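Since the structure is predicted, the reported quantities are computational estimates derived from the model, not experimental observations. When reading the values below, keep in mind they use all heavy atoms of this one structure, side chains included, and skip hydrogens, waters and symmetry mates. We number each residue from 1, following the sequence as shown.
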Amino acid sequence: MAAAQVKPERQQNGGSSSLLSVFLFDCRLGKSSCEEKTLHVRRGYKEFHADICKAFGIKPSEVFVVSTTNREELTETNFNGIIKDGITLYILKTIDQSLPSSTQERINFLPHYDTLVKSGMYEYYASEGQNPLPFALAELIDNSLSATARNSGIRNIQIRLLFDESLGKPAVAVIDNGKGMSSIQLKNWAIYRLSKFRRGYEAYSDDVGYVRPPPVARSLNSDISYFGVGGKQAVFFIGHSTRIITKTSGSQDVHEFLLSKEDFEKKEKNRESIYDGYIRNRKPADFSHVSEDDKNLRNLIMEEKDKENFTAVIVTGVQAEHIQFLKNFRHLWVTQLAHIYHYYVHGPKGHILGKPRTTPFSCIDIEVYIYEKAKAPKILNLREIKDDMQTLYINSAADSFEFKALVEREGVVEGIIRYHPFLYDKETYPDDPYFSSKDKDDIDDIDDDCFIVEKEARGKRPIFECFWNGRLIPYTTIHEFDWCTIPKKRGLLPTECYNRISGVLFTNDKFEVSTNKLTFLDLGLKLQDKNTIFTRVMNCQDQRVKIDREFALWLKECHEKYDKQIKFFGFKGVITRHDVAAKRLQTPWSTYTSVEWDGKTYSQGQLVKTIKTAPLIYGSIVKFLLYGNHEGDVYSTGGEVQISLEPKELYDEMKCVPISKLDRNASRSTIKKYMEDEMTKFPDSLALSFPDGDALVDDDVKPAGAPIGAIRVEILNKKGEAIQKLPGTSHAASKKLLVELKVLLHSPGGDKEIISHISQHGGKWPYWFKKMENITKLGDYTLKLQAVLNESNADKYGGKALPCKKIMFKIVEGKPFKFFLGALDTVHVGIPFSIPLNVQDEFGHSTLLPPDFQPVLEGSGLSIEYEELSAASELFIKGVVVKGQVKNLQGKNFTLKVTLPGLQLDNQTTKIKLLPGPPKQLKVYPENDVLIIDNGTPFPFQIEILDEVGNIVTQPKLIVNCKFTGSPNLPLYRLDCSSTGSGILTGPPIKIQNIKKMQVLRAKIEIPSCKDVKPVEKCIKLQPSTNASKLQILKVDVGKATTIKHQDEIEWMAGDTMQNLIFQLFDEGDREILITPELAEKIKVNWTSKVSREKLQKGMLPDVDVSTSVTNFQYCQVTFHDDNVSLESAFTIKPIPDEPKHLKVKLKGDNVLRMGEELKSDIELTLTDQFGNQIETLSPSCLEHLGVSGKNLNKEKVKKIFKENKLMIVKGITFSVGPLEDKELCFAWRNFSAYLRLRLVAGPPSKVGLGEWEESITVISGKKVQTPLTIQLFDEWGNPSPEPNLKVTVIKDNNLKMSPNPQNSKTDATGHSSLGLVTFSALK
């Protein structure tokens, strides 16, 4: 976009006007882009219209309109109301024309001062283990609910998780079909802390003032976008950048605004205004400003075509932990959102499962869309969530108690208490996954098979959740009120009834919440205030009753009507239980002989069966246990029963289980039959066979490796029946029988288990063990088959041993036939090493070779020799030497084949890594003996250190040195090849000062640590360098060039241009270097960015524009940088004043002068040039040309003084007697003049006037004089003197009385004083 500026006009009095700046975009049809210009507004609409035509080249006859970005046409009528400083306007053909391209509207969104005034709880934080991310999303949903509040149809709010990285970076978008925002409203959204209550002010927008919505049930008024804080906090909690796209109904344009942490940081770094930015105004579906990689954003913009009005908030730069949470815990956070907006989604009565929706709130759809790569999109509607806490509370409650609280007249709280009854064996109060306590954790750690302590319904959780304007405030709960808490004195109701209530409080907006809507600020204190009035609500009518009495009666009715409990009777005493793990729960336990449960009676000694236990328990009741210190019969929600397991011959133990796990449908006959069957099915013996042969018998002898055939085993009970588990089919896996096979080797150190297998009951045979061929170790063995229990592997049960079978046998050695190679040491070229051999028989028993064996060693690409075969206690091939080529320092892998002729398996191969040998040669490249280089450059030698066959070698302290001789102060090159074996040997440049011709040097390259490696010598010829070594600046004047030395200071006329500057480059031999295009690119100047490369090639420098101010010294620098050198030459320009152009006058003090007195202030006169620089080269003779004139001026008293080579001072200004008026002095110096205005006032007071009392006056004694007595001060010329605070005293004859008695008074600011009306009296 091209930018231009039109200069403002001057006012007639010579001063500049304060004009408004506006920004205009030429958006008329036929243009590919919108041209932007800045205009200053002068006078009225007609002048502004003419300025537009002039600036944009529009013909006067052409028809166009000027509008705001909200498409409000600018006319002569509304001109003054619309035009504001910095406003953005369009030039259009017609008012409803589409924009040809996107535009940018300048806005300023500095934070509102409420940021400081109301700073507080701005951050999202975790509480009760909850991740705060859903609450940040809720802030954006709040805005959407407010925006859609006036929708006539469906209110649709979409949360889109755009996590398909093939379409762009991850993003979170919240989109609604609300009313949208104009560009001014979008600007207001950007202002931090600008609440809805201030947006109606003139300074902020065309918004109307805030109007509080009328009261509705549960305060579900959608008025929950409040403070101008939460949305900004939320998007920057979720990610690092947010884009707001919006459109209002009937508007032709879409407004788009971007907030970015990266942009803020960039502006702060560049010291720019952080809160300045742009709103992009464009036509719908125009994504030309979006990069092709961001397909997510492009797709969202394409959806604008079919939308009349909308708002989309797109957050990018989403933090990685947030992405993982949103992906992995989708149901969790969606359920949290369903909890927060439960009553907006389902209406005032909430979500009643199975009941059709008929409320007006059925038009609110809050949907979650999740897009991931290579996955189908997932769509969740909050209306379909059935396990949010409010849904659970509503659908598990049996009855409700409604009430209302009135706080400070306008604060209204609607409340509901719900009762969740106990039903026989469990509480129906819903579990809250976010609530945890120490008690709950302790109970969870207790083994369920030992005992269960029934938990309280609500436990330590608070009763009331709190909703503000219909949405949940998650971190604020109210534990209870005085009238619904557990009474201190035990009453008719069990205390646990008070733990079966849940509640909800609905407040209106008269109660303050934190800006992020996580907590109430004062709800608890206000509700506990003694002036708060509670009333019960029945049939939608307030009942002024005693709330505590009504609640107690309602709770009693719920308990009697809905709770179903267990009756304990036959009290025996209180005991301590040591089978309980938690010490605090070991006592007290009350014991009973009987219980009555759901119409049935269970008593001591009665046979029972359990359900939902593993395993199922059959036995007789010993006693019933109830935690607590009780006496006599009592009702309780649960307890435990102690059972003695039957039959006692097999199960000599007792177990405690919850009463709720008793099988109420089990009959006595069924339990008896189970006990009888158990006694006949106990295991007695093992029967085994070898179906495939290779049988094993007692005291058998077998050679190493001989097979033992597959074994078939059966477990028989006393009846001879094959069984696979202990008696009682219901004991499942814990009583299942297995057969364990073990092979034990008997050695001097004890028995060793070498084979162990467990067999389960199979399909072909009851138990089966595969053929064994891996017994090769020599010695005595035992094969043991043992029946064991599943999981525990116990060989006894109930004190009785399970059946077992043992077979003894022996293993002897076989014949040797193979060998193995031992581990090899590191192998280096030319260094001898040994190869260990291990010769074995077929089953791994070691043996020795005959002494005449001759091994054969082979290796592809290797030369191999050895000394002898050592046949000592261990077998070695000694003195093996290997030579061969390797490709790198890590060596090369070779296959070494060793053959021992005559064995059945006569050869073995092994991998060896051959590493280079010790250093033997030093190789230097280039190989030429004579080398030519430029002075001032380093020389690189390519070094290789080789072994005897030419492999590159590495070893510690392998240092290569190169020493140069032939001139002093030559560098020493050093290269460490310890880890590389090769490299570039180089160092500092080889430089000889003032070299003018070629000079011969010698270089000796050697390895000090390897004396047996021959050094390499080279002849070095050093020639002068052609690189630039000197930069010189010259000034050409009348064909003569003058050198400007480095850091020279040059005086030059202010405002003039310094021309004809040239430069030269010289090489090391002072030879001038021809400036090539490449060299010209490396020349830089600091006084301008516009440098002509063509002129630089000619050695010409850009002109220097000298500053118009003599105080602004200019540092001019020319630099040359290349890979070899950095050169610079600089000078400083000191501006000096031009010829005098103006005379300036300045009064050092007040401009008021009294008649007859001399002006106390000095008048300073200075001469300046055309740029306002003061002339400092004046001499005292300049006073001869200075003249002073003025009306009635006493010129003979005027004094002129010269001071400090630059000032002329005038003193002694007085005026002759004349009228009081403003006096204008004229100062003239040569052909220059200046004026000074003084104010002449009255002189000091010298006499007093009495007004109408000036002459004698006749009065009547005792009668008030009708003319007031006034005093006025005058100077000596009769002018009223305005002298304040002068004391006035009245002097009279002693026999004259005056009433009122005269008091001392003072003159006012005009020199006037009044004594008012007085009365005189005197003796006759």
Side-chain angles (χ1 to χ4, degrees), residues 11-18 1142-1168 1172 1174-1175 1178 1182-1204 1206-1230 1232-1251 1254 1270-1289 1304-1315:
Q11 293 181 345
Q12 293 182 355
N13 57 7
S16 63
S17 62
S18 177
H1142 303 287
L1143 176 65
K1144 293 187 176 180
V1145 58
K1146 182 178 180 182
L1147 179 63
K1148 302 290 285 186
D1150 195 2
N1151 70 334
V1152 177
L1153 176 62
R1154 283 186 170 188
M1155 178 72 76
E1157 293 184 355
E1158 183 178 300
L1159 183 64
K1160 297 178 181 179
S1161 305
D1162 293 345
I1163 300 173
E1164 293 183 355
L1165 296 170
T1166 56
L1167 288 172
T1168 63
Q1174 190 171 342
I1175 306 299
L1178 300 177
C1182 68
L1183 295 177
E1184 298 175 0
H1185 304 285
L1186 178 62
V1188 184
S1189 61
K1191 183 179 179 182
N1192 296 335
L1193 176 67
N1194 294 327
K1195 294 184 178 181
E1196 62 276 7
K1197 294 184 178 181
V1198 173
K1199 300 176 183 178
K1200 294 179 283 186
I1201 303 172
F1202 180 75
K1203 185 178 180 181
E1204 299 178 355
K1206 57 184 179 180
L1207 291 177
M1208 294 180 286
I1209 297 177
V1210 176
K1211 296 184 176 183
I1213 299 297
T1214 59
F1215 290 94
S1216 301
V1217 176
L1220 301 181
E1221 59 184 357
D1222 289 347
K1223 300 292 186 178
E1224 187 173 69
L1225 294 179
C1226 177
F1227 299 90
W1229 189 85
R1230 293 184 179 173
F1232 305 126
S1233 62
Y1235 297 89
L1236 177 65
R1237 186 176 295 275
L1238 302 176
R1239 186 159 64 91
L1240 185 63
V1241 298
S1246 60
K1247 53 187 178 180
V1248 176
L1250 297 178
E1254 288 291 346
T1270 60
I1271 295 94
Q1272 176 64 52
L1273 302 179
F1274 294 92
D1275 62 7
E1276 62 178 302
W1277 297 282
N1279 298 313
S1281 179
E1283 189 75 22
N1285 298 322
L1286 286 184
K1287 185 176 180 182
V1288 178
T1289 304
N1304 293 334
S1305 63
K1306 293 184 179 181
T1307 58
D1308 57 15
T1310 63
H1312 179 270
S1313 178
S1314 175
L1315 299 178

Fill in the blank from the handout: Ser1246 meets the side chain to side chain donor-acceptor pair (under 3.5 Å) criterion, sequence neighbours left out, with none
Exercise for the section: Look up atom CD1 in Ile1213 and atom NZ in Lys1195, then write down how far apart they are to the nearest 0.5 Å. Expected result: 11.0 Å
Handout entry: For His1312 against Gln1272, the heavy-atom pair lying closest together
Key = CB-OE1, 3.5 Å
Exercise for the section: Identify the heavy atoms of Ser1281 and Pro1244 that sit nearest to each other, and give their distance. Expected result: OG-C, 4.0 Å
Practice task
Determine yes or no for a side-chain-to-main-chain donor-acceptor pair under 3.5 angstrom, with Trp1229 supplying the side chain and Cys1182 the backbone.
Solution key: yes
Would you tabulate the side-chain donor-acceptor contacts of residues 1156-1164 under 3.5 Å, counting partners in other chains and residues two or more places apart, or write 'none'?
from    : atom 1 : to      : atom 2 : distance (Å)
Ser1161 : OG     : Lys1148 : O      : 3.4
Ser1161 : OG     : Asp1150 : N      : 3.4

Practice task
Could you go through the side-chain contact (heavy atoms from CB on, under 4.5 Å) check for Leu1186 and Val1210 one step at a time?
Solution key: CA-CA 10 Å; Leu1186 178 62; Val1210 176; 4.1 Å; yes
Practice task
Report the distance from atom CZ of Arg1230 to atom CD of Glu1184, rounding to the nearest 0.5 Å.
Solution key: 10.0 Å
Problem - Minimum heavy-atom distance between Gln1174 and Thr1168, given as atom pair plus value - result: CA-CG2, 4.1 Å
Handout entry: Gap between atom NZ of Lys1200 and atom CZ of Phe1227 - 0.5 Å precision
Key = 11.0 Å
Problem - Nearest heavy-atom neighbours spanning Pro1245 and Leu1273 - result: CB-CB, 4.0 Å
Exercise for the section: Report the residue from Leu1147, Asn1151, Val1188 that forms a side-chain contact (heavy atoms from CB on, under 4.5 Å) with Leu1236. Expected result: Leu1147
Completion exercise
Rounding to 0.5 Å, atoms CG (Leu1207) and CD1 (Ile1175) come to a distance of 12.5 Å
Fill in the blank from the handout: Note: Gly1190 and Leu1225 closest approach over all heavy atoms is CA-CD2, 4.3 Å
Handout entry: Shortest non-hydrogen separation from Phe1202 to Leu1178 and the atoms involved
Key = CZ-O, 3.4 Å
Practice task
For the pair Thr1307 (side chain) and Asn1285 (backbone), establish whether a donor and an acceptor sit closer than 3.5 Å, ignoring hydrogens and angles.
Solution key: yes
Exercise for the section: With Leu1165 as reference, evaluate Lys1144, Met1208, Lys1146 under the side-chain contact (heavy atoms from CB on, under 4.5 Å) test and give the passing residue. Expected result: Met1208
Result block: side-chain N/O donor-acceptor pairs under 3.5 angstrom for residues 1214-1224, not counting sequence neighbours:
from    : atom 1 : to      : atom 2 : distance (Å)
Thr1214 : OG1    : Asn1194 : ND2    : 3.0
Ser1216 : OG     : Asn1194 : OD1    : 2.7
Glu1221 : OE2    : Lys1191 : NZ     : 3.4
Glu1221 : OE2    : Lys1223 : NZ     : 2.9
Glu1224 : OE2    : Arg1237 : NH2    : 3.4

Practice task
State whether the number of non-hydrogen atoms from other residues, nucleotides or ligands found under 6.0 Å of Lys1211 atom NZ is greater than 12.
Solution key: no
